[in-house]
Amino acid sequence: MNQVDRLSAIIAACLLSALGAMVYNILPMFLGVAQDVRGYSDQQLGFITSVYFTGFSVVTISAFFWIRKVNWKTASMIAACLVVTGLLASAGSARVGWFMLCVFIVGSGSSALYGVATTMLGDTRNAARSFGLKIGMEAGLGSILFFLLPSLVIARWGFDGMLYAGALVALVLAVAIVWLPAGGVKGQETAEQAPSMSWKDMANQLPMWFCLLGIFVFFGGVSSIWAFLERLGNDAGYSSGAISTALSLALIGAMAGSFLAAAIGNRYRLAPPLFIAAGVYLAAMVLLAYSSGVLSFTAAALLFAIAFGFALPFMVTVVSDLDTSGRFIVLTVPALALGGVAGPAIAGMVKTGTDYTPIIAYASVTVIVSLVLFLYALRVQRAKGPLTVS
């Protein structure tokens with residue numbers, strides 16, 4: 001058994017990935033409490049968000065060149081230290097400029113952890129199962145923090161307490177580095193391991209670029225709905241308690257969808273799960289567009305979350321299976337991050353007043369476009385040679 005297929009290594013990578021996604025998953029609460037306590041303007045919150053995603057994206061894009069050259073344990077230890085240091089320093093950085101610097105450091109460290117974990121899990125024999133567990137644990141940690149932080153920490157110690165609690169969680173999860181392997185298995189057979197950015201090399205990886213574009217487009221649509229879901233419920237006249245319940249169930253749904261993907265693993269070809277996820281996603285969009293009460297709104301949010309929680313593990317698995325060199329899988333991370341930036345921005349531009357139909361339409365188009373991109377990538381790859389599970 002390869003070291004990456006050890007259960008302890010898989011769980012360690014999932015925990016470190018959950019740590020890498022921690023701040024992103026609680027970002028709405030993180031920014032809201034920061035604004036309430038420190039009085040940051042909406043524009044400043046927008047800049048803070050952009051800075052976080054900039055740090056997150058820059059590191060993982062650069063990881064294309066170094067992810068197979070470094071010791072994963074050492075890199076993860078440094079990254080975890082950056083996250084802890086950035087969170088602790090944020091507590092003493094009330095000035096927005098210094099706070100943004102700290103957020104950039106947190107984003108950079110988080111992305112390195114996320115990138116290493118994603119790359120390692122892409123090396124496992126059953127990548128679909130590994131990615132399902134990974135995304136499920138990320139959603140699970142986010143839902144736990146959403147439930148516990150407001151009542152146990154923020155109500156008593158405010159925003160600084162939230163930052164200290166985040167640093168403590170990071171320290172606890174960083175213990176998993178002990179069980180992380182120092183390196184992976186892909187690309188070891190090839191004499192040329194240094195990434196090439198030549199046109200010929202990029203053209204040969206065309207199916208992979210279609211998949212990365214598909215992930216970017218898909219997560220843009222997902223983020224556009226997630227960013228405005230609370231506002232949609234509020235403008236529809238639903239109570240804050242009902243909306244909170246719907247959002248909490250959505251997080252649980254995302255976790256359930258990911259664990260379902262893990263249970264299915266590589267038992268079937270990769271295309272059918274993507275079709276099923278797209279169908280459930282579109283059904284959720286129709287239900288959301290025509291929701292006339294809290295029950296239908298909650299059901300739509302739940303189906304939406306189940307669909308994207310189920311789809312993402314298989315999407316990343318397609319990239320993993322195409323990526324025989326092990327160099328490209330880490331680029332799924334900035335594809336997600338950049339989609340998370342672009343989607344809400346586009347949604348904000350197409351939204352008119354309290355009418356959320358344009359956003360729902362945009363999100364529906366993105367899932368169709370991403371499905372077409374993935375199916376075309378699989379078709380092109382089959383012409384070259386069949387994948388093991390597709």
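Along the sequence shown, the residues carry numbers beginning at 1.
You'll find the side chain of V330 stays beyond 4.5 Å of the side chain of T118, heavy atoms only. Using a 4.5 Å heavy-atom threshold, the side chains of I177 and W72 count as separate. Contact of the L331 side chain with the F216 side chain is not registered, since no non-hydrogen atoms from C-beta on lie closer than 4.5 Å. With contacts defined as side-chain heavy-atom distances shorter than 4.5 Å, the pair L229/L288 qualifies. Inter-residue side-chain proximity for M120 and L16 is flagged as unmet; no heavy-atom pair is nearer than 4.5 Å. Looking at heavy atoms from C-beta onward, L373 lies out of side-chain contact with F218 at the 4.5 angstrom threshold. Side-chain contact between V280 and F310: absent, with no pair of heavy atoms (C-beta onward) separated by less than 4.5 Å. Residues L251 and L247 are not in side-chain contact: their nearest non-hydrogen atoms beyond the backbone lie 4.5 Å or more apart.
Partner of Y24 under the ring pair (Phe, Tyr, Trp, His ring centres under 6.0 Å) criterion, chosen from Y114, F56, Y52, F53: F53. Exactly one of L19, L133, N25 qualifies for a side chain to side chain contact (heavy atoms under 4.5 Å, CB included) with E138. That residue is N25.
Connection of Y356 to M349 is established within a shared hydrophobic cluster, with ILVMFWY side chains joined at heavy-atom distances below 4.5 Å, either directly or through further cluster members. The hydrophobic clustering, which links ILVMFWY residues whose side-chain heavy atoms are closer than 4.5 Å, places V367 and V286 apart. F275 and V316 end up in the same hydrophobic cluster when Ile, Leu, Val, Met, Phe, Trp and Tyr side chains are linked at under 4.5 Å. Side-chain heavy atoms closer than 4.5 Å link hydrophobic residues (I, L, V, M, F, W, Y) into clusters, and following such links, possibly through other members, connects L27 to V37. V58 and I215 fall into different hydrophobic clusters, defined by Ile, Leu, Val, Met, Phe, Trp and Tyr side-chain heavy atoms under 4.5 Å apart, directly or through other members.
Listed for the S76 side chain is no donor-acceptor partner under 3.5 Å among the backbone atoms of K73. Without hydrogens or angle criteria, Q44 side chain to Q35 main chain gives no donor-acceptor distance under 3.5 Å. Side chain of S320 to backbone of G122: a donor-acceptor contact under 3.5 angstrom is found. Side-chain atoms of S57 never come within 3.5 Å of backbone atoms of T54 as a donor-acceptor pair (strictly under, hydrogens ignored). Distance alone, capped at 3.5 Å, places no donor-acceptor pair between the T85 side chain and the L82 backbone. Using a distance-only test at 3.5 Å, with no hydrogens or angles considered, no donor-acceptor pair links the side chain of S223 to the main chain of P344. No donor-acceptor pair closer than 3.5 Å links the side chain of S17 to the backbone N or O of C14.
Within the model, atoms OG1 of T124 and CZ of R6 stand 13.0 Å from one another, a figure rounded to the nearest 0.5 Å. From K134, atom NZ reaches atom CG of L312 across 8.5 Å, with rounding to the nearest 0.5 Å. If you take CD1 on I105 and CG on L88, they are separated by 11.5 Å, rounding to the nearest 0.5 Å. Here D5 contributes atom CG and R125 contributes atom CZ; the two are 4.5 Å apart, rounded to the nearest 0.5 Å. To the nearest 0.5 Å, atoms CG (D36) and CG (L31) are separated by 11.0 Å. With values rounded to the nearest 0.5 angstrom, L121 atom CG is found 13.0 Å from R129 atom CZ.
Annotation for G115 and V333: closest pair CA-CG2, 4.1 Å, computed over non-hydrogen atoms. Here the shortest heavy-atom pairing between S370 and V217 reads N-CG1, 4.4 Å. Taking all atoms of both residues into account, the shortest heavy-atom contact from I48 to M100 is CG1-CG, 3.7 Å. V4 and I10 get closest at one heavy-atom pair: O-CG1, 3.5 Å. Nearest heavy-atom pair across V319 and C211 is CG2-CB, 3.6 Å. The two residues G86 and S90 come nearest to each other via the heavy atoms O-OG, 2.6 Å.
K351 and Y362 form no side-chain donor-acceptor contact under 3.5 Å, judged by distance and modelled atom types alone.
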Worked verdict on L322 versus W209 for side chain to side chain contact (heavy atoms under 4.5 Å, CB included): CA-CA 10 Å; L322 294 172; W209 291 112; over 6 Å; no

Trace of the side chain to side chain contact (heavy atoms under 4.5 Å, CB included) decision for L180 with V116: CA-CA 10 Å; L180 194 72; V116 168; 4.0 Å; yes

Test log, rule side chain to side chain contact (heavy atoms under 4.5 Å, CB included), inputs V96 and Y40: CA-CA 8 Å; V96 68; Y40 298 140; 3.9 Å; yes

Side chain to side chain contact (heavy atoms under 4.5 Å, CB included) evaluation trace for Y281 with V222: CA-CA 10 Å; Y281 187 103; V222 168; 3.9 Å; yes

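In M77, the CE atom is not crowded: 12 or fewer heavy atoms of neighbouring residues, nucleotides or ligands sit closer than 6.0 Å.
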Donor-acceptor list for residues 143-160 side chains, cut-off 3.5 Å, not counting sequence neighbours:
residue	atom	partner	partner atom	Å
S143	OG	A139	O	3.3
S143	OG	G140	O	2.8
D160	OD1	R38	NH2	3.3

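Every residue two or more places apart in sequence or in another chain was checked for a side chain to side chain donor-acceptor pair (under 3.5 Å) with S93, and none qualifies.
Separation of the F308 and F219 ring centroids does not fall under the 6.0 Å cut-off. Between F314 and F374, the gap from one ring centroid to the other reaches at least 6.0 Å.
The ring-ring contact (aromatic ring centres under 6.0 Å, His included) analysis of residues 225-244, with sequence neighbours excluded, yields the pairs Y238-F297.
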